[in-house]
Student: 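Pasting in a structure now, in C-alpha cells, and then I'll have a few things to ask.
Just follow the structure's listing: the first ligand is 1, and inside any ligand the first atom is 1.
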Amino acid sequence: MARERLYLFDTTLRDGAQTNGVDFTLADKLAIAGMLDELGIDYVEGGYPGANATDSELFAHDHDLKTTFTAFGMTRRPGRSASNDPGLAALLDAKADAICFVAKAWDYHVRVALETTNEENLASIRDSVKAAKAKGREVLLDCEHFFDGYKANPKYALACAKTAYDEGARWVVLCDTNGGTLPHEVEEIVGDVCKVIPGDHVGIHAHNDTEQAVANSFAAVRAGARQIQGALNGLGERCGNANLVSIIPTLKLKPEFSQAFDIGVTEAALKKLAYVSHALDERLNRASDRHAPYVGESAFATKAGIHASAIMKDPATYEHVAPDTVGNKRKVLVSEQAGKSNVLAELERIGLKVNKDDPRIGRLLEIVKEREAIGYAYEAADASFELLARRTLGTVPNYFDVTQFDVNVEQRDNAKGERVTVTMAVVKVRVGNDNMISAAEGNGPVNALDLALRKDLGKYQKYIDGLKLTDYRVRILNSGTEAVTRVLIESEDEAGERWTTIGVSPNIIDASFQALMDSIVYKLVKSGAPA
Ligand SMILES: [Zn+2]
C-alpha cells in the first residue's frame, strides 16, 4: 500500500517564543532552525517579521536550509488595501519561502476584536493570500479559534478556510487557539472540513490546555488532515503547543501511522531526537523533564526487582519501543529496594563483565544500601553509581589526588564604593610526582571550586577540556537529628553525552566537591585516560 505524505510544521521559534520565561536571541533562533532542519521538519516558522528587532533581523537575510522557512503575520488590516498596509508589506518583503497568515475564523472575534464585518474579514483573507502568491511565496492560513468558531457558526468558520483555499493557499490550518477542544470534537470537525477542502491541504494546530494537544493532532490526522503543527518539547504560551518530540516517534514507530504515512524525519534522524530535545532545554538554561515520553531520562528506567530480571531476559517485556530508536537509553535503577538482579542488569549495561556469583556483587549492594541510608540516591546519579561499582570491582585508577583546597568568600566595598561579594578557590593537586596549584574566582564558592579544580590537571587536562556543568541541584535532607545536604551535578562533554554525579555531606561545599570529583573521574574513565 502506498503511504501518504504527512507534513510537520514547527512553531518553536514563533508560538514557542511566547512561552513564559523564554526569550530567544538571534543566535538561538538560527541554531534551533538548523537543528530542526537536520531533523527533517518540513516547515520551520522563524517568527513574526516587523513585530520585534530579532525577528526583523532574522528575516533580513537568506537562509541556507532544506526546510520551508516560514514567516508569520497578520492578514491585511480591515479597511485598508493590501498595497497600503505596512505590516503586510514587511511580511511580503521577508526573506522566507512561505508566509503563514493568521486570520480570525470566529464571527464573534471578527465583531468584537477586529470590529469589522464578516465580509470584510473574508476580503482581507482573499487579498492577503493573493498578494503573497503574487510575490511567489507558498501560503498558509492559520484559522484562529477555528474549533470554537465552528461550534458557534460552522458556515462562517468554513467560509474563512474555503476563501484561503480557493485563492490558492497551500494549507489551511485549523487552530485550537484556546486549547479547550477535546479529541472526539476535533475528529468530527476536521472530518467535516475535509469534505469541503481536501485533507492534503488541511493542517492542525493544537494547544495543550487539556493535556490533549498530541491526541488532538492525531485525531485530526485520523479525520484527514495532513499537516501537524507543533513545537519542540511542547513549548508555547500557557500550557504549550502540541509536542513534536512526542508526535514524531509515534508517527515513526506506531504501525497505525508508520504504515500509512511518510514523514520527512528518517530513522537516522529519529535517533537524534533525545539530543535535540535536551539541546533545546540547554539553550533555554533549564533542566530537561526526566519523565518526558520517549526522550526523558526516566522514559526507559525500571526500578522494581522483578521487572529488572525480566528486562535482562528480553527488553521487550517492559518497553513499548526500543530506547535507541529515539536516541535514549535503557536504565535499571539501583536503589535500596533493589535486588541483585538490578545491580547485575546495570553492570551489564555499563559494560562491566562480572560472574553473577561473584561475592563482590553482594559487597556492592551492601555499600549502596549503607550510602543510601545516609542520603545518597544512586538512581538519580548514574555516573556516581558506575564509579562506585568500578571501584568495588577494582578497576578505577587513582589518577590524581586533591591534597588541599581552600574556598574564600568575602564581602566588601570595591573601588567604586559598591558592595560586592568575591569568591576565590585555591586547589592543590598531585598528579603522579607533579604538584600543581590552581586558583580561580567564581560567582559563588562551588563555581570557584569547580573552575580551580578543572584549571590544571596536568597530563589529564586534555581529557576534561570539553567538560561542562549543565545543572546543579541542592536538597537539604533531614536524617535523624542533623540536616545533610545532597548535591546532584549534571555534566556534559564535547560529544553531548550527559551524566549525573552525587555528593552528600552536612557541609554544602564538601557535598559539591564529592560530586565534582566524581564527574571529573567519570570523564577520565569514560575517555580511557591511562593510569
Ligand atoms: Zn498557537
Student: Out of the N/O/S atoms in His207, what is the name of the one closest to the Zn ion (ligand 1)?
Tutor: NE2

Student: From the N, O or S atoms in His205, identify the one nearest to the Zn ion (ligand 1).
Tutor: NE2

Student: Is there side-chain contact between Ile248 and Ile41, with heavy atoms separated by less than 4.5 Å?
Tutor: yes

Student: Is Ile99 close to Phe72 at the side-chain level, that is, under 4.5 Å between some pair of heavy atoms?
Tutor: no

Student: So does Asp15 have any N/O/S atom less than 2.8 Å away from the Zn ion (ligand 1)?
Tutor: yes

Student: Cationic tip of Arg222 within the cone over Phe257's six-membered ring, i.e. under 6.0 Å and within 45° of the normal?
Tutor: no

Student: Tell me whether the NZ or CZ atom of Arg5 lies within the 45° cone about the ring axis of Tyr7 and under 6.0 Å from its centre.
Tutor: yes

